[in-house]
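Just below is one structure, and these are the notes that go with it.
All figures in this text were calculated on a predicted structure; none of them were measured in a lab. Note on naming: letters A, B, ... go to the chains in the order of the sequence lines (proteins, then strands), and numbering restarts at 1 for each one.
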Number of protein chains: 2
Amino acid sequence: MDTPASADREGISRIERLCIERGLKMTGQRRLIARVLSESADHPDVEELYRRAHERDSHISIATVYRTVRLLEEKGILERHDFGGGRARYEPTEHGPHHHLIDVDTGKVIEFADERHEVLAREIAARLGFQLVDHRLELFGRRFPDPTPEPAGGRRKPRSGRDPA
Amino acid sequence: MDTPASADREGISRIERLCIERGLKMTGQRRLIARVLSESADHPDVEELYRRAHERDSHISIATVYRTVRLLEEKGILERHDFGGGRARYEPTEHGPHHHLIDVDTGKVIEFADERHEVLAREIAARLGFQLVDHRLELFGRRFPDPTPEPAGGRRKPRSGRDPA
DNA sequence: GTAAATGCAAATTATTTGCAATTAG
DNA sequence: CTAATTGCAAATAATTTGCATTTAC
């Protein structure tokens, strides 16, 4: 785990710097969203980002959050994920190629990288006659040791929206 | 490639048989959806299923298609996938564990299986302290040899809905 | 000053649901 | 006959957008 690296002591956040580098106009709400993102170590969805931003400055609308994450995704600053559950979730692009393991009991997302897998993915694509453009690997797992048969209030399928597989 | 196996000459379809086995009430629309699914070799979304069914019998509503795919998914007869693009896509559960390669130029989905990957996935999960419950691997690729720089009308990002990664 | 960003509410898109009418078993 | 299924239209849920107003550069 590395420090979520909020901001330079109290200066501009990492994401804000990236925005500036790409020539984005920095409004107050943009700066706030950038800061919230920079301080996030998880993979929040838009509602969650809005909640975190809104509690610091109520002068922000959820439409702006939607517009901002989309803009940042287009600029390559954010990555959009769909882990099932019906909402897109975001994380700053920064780590090298990596994948996700979703804890089916808690919904927590763990990142990992595995070079053997990268090689294998390229090889499989090649064997099928394709050049690999991108790929994603998502593992759904349960912590060892396996808890009691019924985890007493375990995760109920988010019956709204799409499911992982 | 195996024959999409529509129906026994003109009898009941493979999916219909599965429905009966699980004790589902077989209405005309259910039977029709089952047949359409049995004849599909691709991964259609609900709208597409509705289109295929509706052109054979207009006495069917899209709500019924939604209800039916959900039911069949719950019964383990269908699998739901999200390949990005905002709509869930379905395929009959029948093949063993397999994954998908999406042709980024055509949207076509190719299935494959790779035992080395299955082993690796389990191993990665174990290393992280998890027992693998499920996983998905999706490759996005472009056919060899790489076509002209701009594939002349190549795939435009389905800007509505969620994206693969 | 000017093009871009914002807020708000209305519009879209995919999917679900209430309810009265129909139908399989 | 009776509970399950269907159609239709209205309801949700997530996300986008039109437009008048504000604001960064």
Side-chain angles (χ1 to χ4, degrees), chain A residues 12 16 19-34 36 43-51 53-54 56-75 77-78 80-90 156-163, chain B residues 12 16 19-34 43-51 53-54 56-75 78 80-90 156-163:
Chain A
I12 74 179
E16 180 179 354
C19 290
I20 295 171
E21 281 170 15
R22 324 251 162 146
L24 298 184
K25 206 186 242 189
M26 291 312 292
T27 66
Q29 24 287 72
R30 207 107 108 183
R31 201 179 333 272
L32 175 54
I33 294 170
V36 167
H43 302 68
D45 59 30
V46 169
E47 249 191 278
E48 179 60 25
L49 286 174
Y50 171 66
R51 197 172 305 116
H54 192 270
R56 292 195 181 184
D57 178 355
S58 52
H59 294 356
I60 195 171
S61 86
I62 196 163
T64 296
V65 181
Y66 271 108
R67 277 190 276 235
T68 302
V69 292
R70 176 192 267 229
L71 175 71
L72 298 197
E73 192 211 347
E74 281 163 2
K75 294 297 182 183
I77 295 172
L78 284 188
R80 187 208 307 240
H81 296 290
D82 175 16
F83 295 140
R87 343 238 253 245
R89 297 172 62 174
Y90 294 86
R156 59 252 177 278
K157 299 179 78 172
R159 248 284 129 267
S160 48
R162 21 211 143 292
D163 255 10
Chain B
I12 72 177
E16 181 179 353
C19 289
I20 295 172
E21 281 171 15
R22 323 252 161 146
L24 298 184
K25 207 186 243 189
M26 290 314 291
T27 66
Q29 23 290 68
R30 207 110 106 183
R31 203 181 328 274
L32 176 53
I33 295 170
H43 302 67
D45 58 30
V46 168
E47 248 190 276
E48 178 61 24
L49 287 174
Y50 171 66
R51 199 173 303 116
H54 192 269
R56 293 192 180 185
D57 178 355
S58 51
H59 293 356
I60 195 172
S61 87
I62 196 162
T64 296
V65 181
Y66 271 108
R67 277 190 275 235
T68 303
V69 292
R70 177 193 268 229
L71 175 70
L72 298 197
E73 193 212 346
E74 282 164 1
K75 293 296 183 182
L78 286 187
R80 187 208 306 238
H81 295 291
D82 174 16
F83 295 140
R87 322 151 104 98
R89 297 170 64 173
Y90 293 86
R156 59 252 177 277
K157 300 179 79 172
R159 247 288 129 264
S160 48
R162 20 216 145 286
D163 253 12

Would you mind reading off the distance between [X] atom [atom1] and [N] atom [atom2], rounded to a whole angstrom?
X       : N      : atom1 : atom2 : answer
B/Tyr66 : D/dC8  : OH    : C1'   : 15 Å
A/Glu48 : D/dA14 : CD    : C1'   : 16 Å
A/Glu47 : D/dA14 : CD    : C1'   : 9 Å
B/Arg70 : C/dA14 : CZ    : C1'   : 13 Å
B/Glu74 : D/dT5  : CD    : P     : 11 Å
B/Met26 : D/dT5  : CE    : C1'   : 12 Å
B/Asp57 : D/dT6  : CG    : C1'   : 12 Å
B/Arg80 : C/dA14 : CZ    : P     : 15 Å

Would you give the length of the straight line joining atom [atom1] of [X] to atom [atom2] of [Y], rounded to the nearest 0.5 angstrom?
X       : Y       : atom1 : atom2 : value
B/Leu49 : B/Ile62 : CG    : CD1   : 9.5 Å
B/Arg87 : B/Arg80 : CZ    : CZ    : 14.5 Å
B/Ile33 : B/Ile60 : CD1   : CD1   : 4.0 Å
A/Leu32 : A/Glu16 : CG    : CD    : 10.5 Å
B/Arg70 : B/Tyr90 : CZ    : OH    : 8.5 Å

**Asked** In the 5'-to-3' direction, what one-character label does each nucleotide of nucleotides 4-10 of chain C receive under the scheme B = base within less than 4.0 Å of a protein heavy atom, S = sugar-phosphate only, - = no such atom?
**Response** BSBBB--
**Message:** Let me check the geometry of the helix from C/dT12-D/dA14 to C/dG25-D/dC1. What is the bend angle between the axes at its two ends, five pairs each, to 10°?
**Reply:**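 It comes to 30° between the two terminal axes.
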**Minimum heavy-atom distance between B/Cys19 and B/Leu72, given as atom pair plus value** = SG-CD2, 3.8 Å
**Prompt:** Of all heavy-atom pairs between B/His43 and B/Arg89, which one has the smallest distance, and what is that distance?
**Reply:**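 Result for this residue pair: O-NE, 2.7 Å.
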**Request:** Look at the aromatic rings of A/His54 and A/Tyr50 and report parallel, tilted or perpendicular, splitting at 30° and 60°.
**Result:** tilted
Pairs of donor and acceptor atoms involving the side chains of residues 21-29 of chain A, under 3.5 Å and at least two apart or interchain, shall be tabulated with distances.
{"residue": "A/Arg22", "atom": "NH1", "partner": "A/Lys75", "partner atom": "O", "Å": "2.4"}
{"residue": "A/Thr27", "atom": "OG1", "partner": "A/Arg30", "partner atom": "N", "Å": "3.1"}

